[in-house]
Amino acid sequence: MNDLLSTLNERQREAVAATEGPLLILAGAGSGKTRVITVRIAYLIAERGVAPHNILAVTFTNKAAQEMRERVTKLIGGQKLSSAPLVSTFHSLCVRMLRRDIEKLEEGYTRSFTIYDQDDSVRVVKSCIKDLGYDDQRLAPRQTQGAISHAKNSGLDADSYAARVEAHDEKRAAIARVFKLYEERLVNNNALDFDDLLIKAVRLLRKREDVRAYYNERFRYILVDEYQDTNSLQFALIHFLTERQQNVCVVGDESQSIYRWRGADISNILNFEQHYPEARVIKLEQNYRSTQTILDAADAVIKHNTERKDKTLWTANPAGSPVRYYQAADAEGEARFVAAKIEEHRRADPTLRAAVLYRTNAQSRLFEEALRRAGIAYNIVGGFSFYERAEVRDIVSYLKLALNPHDSVALLRVVNTPTRGLGKQTLDDLYARAKDYGVSLWEAVGIVTTQGEGFSPRAVSALKKFQSIIEGLVARAQKESASEVVKAAILDTGYADALKAENSEEAESRLENLQELVNAAVDYDAEEGGGLRDFIDAAALVSDTDQYQMDAPVTLMTMHSAKGLEFPLVFIVGMEDGLFPHSRAAAEQAEMEEERRLAYVAITRAERFLYVTHAMRRRVYGEELASEPSQFLNEMPLELLEDLSRGASWLSFARNSSATEARHTARVLRGETSKQERRYGGKTYDSVDSIAEFFRQRGDQISRNAAAAKQSAQPDAPRQQPPPARTKATTRAGGAASSSTSSGGDFVPGTHVKHPKYGRGLVLRREGAGDSAKLTVSFPGFGQKKLVEKYAGLEKA
DNA sequence: GAACTTGCTGAATTG
DNA sequence: CAGCAAGTTC
């Protein structure tokens with residue numbers, strides 16, 4: 001079967017053929033990573049005679065898993081296989097393991113456990129905060145859930161978290177108590193949150209030799225995709241699974257690590273060779289995806305990061321067209337521009353797929369509107385997914401109860417939906433009773449319906465009604481197919497009737513969504529046939545990125561969601577300081593580097609055409625704010641950019657010599673000059689000559705200042721002060737008023753200054769005079785800011 | 001007990 | 001600006 005390998009280059013072939021022992025594939029963007037993985041699986045089966053069910057491939061999203069499955073099937077051709085390789089996400093792999101063996105953990109969980117998504121977790125956290133008597137203003141449920149999740153991901157349980165709380169830190173002490181109660185409640189509800197899926201699976205492997213042996217025997221060849229995004233739990237999981245055999249192949253690219261904030265540990269990939277001393281390393285450095293120009297832009301940006309493995313991506317592709325740049329007056333104008341350009345491109349080539357990539361989901365709305373107005377069909381990833389719609393969640397809650405009636409979150413959600421006369425008072429009483437007896441809400445329902453417990457006859461009969469509905473569903477779940485139970489959950493509960501009675505358009509569309517849910521279940525029955533249990537598990541584990549449709553002409557999504565995808569035409573929008581890079585990242589170097597990797601990911605999605613845009617004004621929180629171009633624009637070689645803006649733009653400004661020097665100066669300040677020198681199209685930028693020229697022009701004083709600045713960039717120099725607690729995404733138009741220290745005229749270009757928010761900076765430019773004098777100041781790490789001298793509160797540094 | 005109104009606060013990225 | 005929670009009214 002030589003034709004399997006014939007489509008691959010030499011490195012790729014090596015990566016496929018090195019089947020035995022640990023292997024690290026460092027796969028640069030667009031280097032044919034997925035092809036290598038899929039061919040490798042096919043090769044293992046066809047050439048090495050490995051039984052398919054002995055192969056495990058792990059991905060992060062269902063979409064990636066599904067694509068991989070399809071491609072393997074295609075590669076193997078018509079061959080009938082005795083079994084199939086398991087291609088799964090980390091989370092569904094864990095669910096599989098736990099559904100089989102969770103009882104062996106002896107932590108009180110049974111195999112019919114429920115999975116809580118983030119929304120469910122927050123609800124539980126909220127109830128814990130309330131019941132502990134904390135103020136949910138001071139202890140925001142969302143934040144608290146985030147803190148708990150973060151702790152769990154770093155391997156802490158409630159007790160070890162509590163032990164680490166400093167004596168005086170009341171807030172964290174409160175979180176620790178919430179954490180403890182939260183964990184108890186999950187056990188009581190027989191529920192696991194997303195983090196638990198990994199935690200319990202790892203614990204199971206650690207604790208039980210027999211389980212470990214079973215999986216080591218089963219999975220003889222393991223592949224892990226996007227290895228740079230694995231966290232310590234995922235690492236531990238892989239570690240246990242490869243305990244006996246070391247046939248583990250991990251594929252990743254540390255330049256595309258963008259989930260550090262979620263606990264991804266980049267050292268997993270950086271130290272792979274230490275973890276597996278026998279490891280072989282193969283680098284895939286030829287990019288097949290993008291034009292030379294796009295690759296140059298990406299490369300120039302990522303080179304500003306200090307923390308990276310050395311790897312040079314190259315391509316045999318043509319230079320292609322320049323990166324198109326557009327500065328819009330406001331966010332609406334930016335959206336109009338994008339819509340117009342998409343139309344233009346698609347008129348020339350109707351098959352051209354486009355993506356609009358933004359930093360935050362909130363940015364999507366304007367693009368949706370503009371595209372709709374332009375009559376362009378689009379697909380949106382993220383935001384409200386199908387399974388997040390209230391009506392779908394309601395029905396899913398009924399189904400969850402059918403499988404695990406002790407799930408109190410699900411119970412509370414639907415006990416009075418549709419309304420059946422169970423108001424706040426009754427539920428509070430029920431809740432109190434459950435707490436008194438130390439039982440689940442479902443058991444409390446049972447007690448009240450048999451003993452009365454002093455509840456009003458009306459309440460008792462309503463509860464009885466609810467009870468019989470759930471019992472009916474429980475019975476059905478045991479013998480009927482998923483779609484049958486889904487239908488029952490919509491009809492027998494009175495849910496559909498209540499919607500019909502509303503007789504509104506809104507209700508009509510909800511009914512349609514529920515019909516969709518039924519369709520999904522019917523499909524599931526036909527394809528997987530795993531029953532309601534598996535259907536609900538799958539529904540709980542769908543992710544935003546799973547919504548991506550490969551054939552959609554236009555896709556709107558975050559840059560995060562775009563990882564792993566490619567498009568001939570890409571728009572990176574909202575390239576503004578504070579938005580991208582995000583203001584929350586500005587305080588820490590490591591976070592800034594992650595933002596930069598995100599920029600790298602976004603740029604390298606583009607195959608042929610790349611547009612970068614930003615707006616001068618944007619509404620944030622309903623407030624009009626002025627914004628500056630992103631420093632990432634500044635980090636692209638300006639020669640590669642073509643300015644499509646109307647009138648003067650930041651780019652035209654940057655291209656005149658003084659601004660170019662400003663760029664150099666900013667780099668000098670960050671001590672970054674020596675490594676950055678590089679040639680683009682025969683022209684040099686960042687040349688030592690022009691920096692020298694710059695200093696000659698500015699005179700001796702500046703050279704001295706620059707030298708001082710360079711010193712302050714040393715590691716032992718005092719760190720710049722942290723930003724204020726609430727940094728707005730952009731600087732307020734008109735400037736923040738504060739004490740005016742200046743007597744005017746002090747801050748000529750070249751002066752080093754100190755700003756209350758941004759720390760040290762260098763004045764690049766001065767416009768106007770007197771009270772209206774405006775300064776352009778470059779702050780290392782914050783980019784350039786335009787400040788009104790009078791209000792800026794600047795001091796000489 | 002349910003529908004409506006006001007007022008407040010908060011959104012970075014995700015399985 | 002928008003979504004949600006508490007308060008207000010029927």
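As the structure is a computational prediction, the values presented were derived from the model and not from experiment. Chain letters run A, B, ... following the sequence lines, proteins first, then strands; residues in each count from 1.
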Inset, instruction - Give me the one residue out of A/Arg393, A/Arg413, A/Lys126 that meets salt bridge (Lys or Arg N to Asp or Glu O under 4.0 Å) with A/Asp120. - result: A/Arg393
Does [X] reach a base, just sugar-phosphate, or nothing at all? Heavy atoms under 4.0 Å.
X        : value
A/Gln425 : sugar-phosphate
A/Arg365 : sugar-phosphate
A/Asp195 : base
A/Gln143 : nothing
A/Glu591 : base
A/Phe90  : nothing

Produce the list of close N/O pairs, under 3.5 Å, pairing protein atoms with atoms of nucleotides 2-8 of chain B; give distances to one decimal.
none

Legend entry - For chain A, the stretch of DNA chain C it reaches, first to last nucleotide, under 4.0 Å of its heavy atoms: C/dC1 to C/dA5
Can you list, pair by pair, the side-chain donor-acceptor contacts under 3.5 Å of residues 140-147 of chain A, counting residues two or more places apart and other chains?
unit_1: A/Thr144; atom_1: OG1; unit_2: A/Ala140; atom_2: O; d: 2.7
unit_1: A/Gln145; atom_1: OE1; unit_2: A/Gln118; atom_2: NE2; d: 3.4

Legend entry - Residue whose closest nucleotide on DNA chain B lies nearer the 5' end, A/Arg458 versus A/Gln363: A/Arg458
Side-chain N or O of [X] versus OP1/OP2 of [N]: is the shortest distance under 4.0 Å?
X        : N      : value
A/Arg584 : B/dA12 : yes
A/Thr558 : B/dT14 : yes
A/Thr61  : B/dG15 : no

Legend entry - Under 5.5 Å and under 30°: A/Tyr259 stacked on B/dT14: no
Inset, instruction - Decide, applying a 5.5 Å centre-distance limit and a 30° plane-angle limit (both strict), whether A/His91 stacks on B/dG15. - result: no
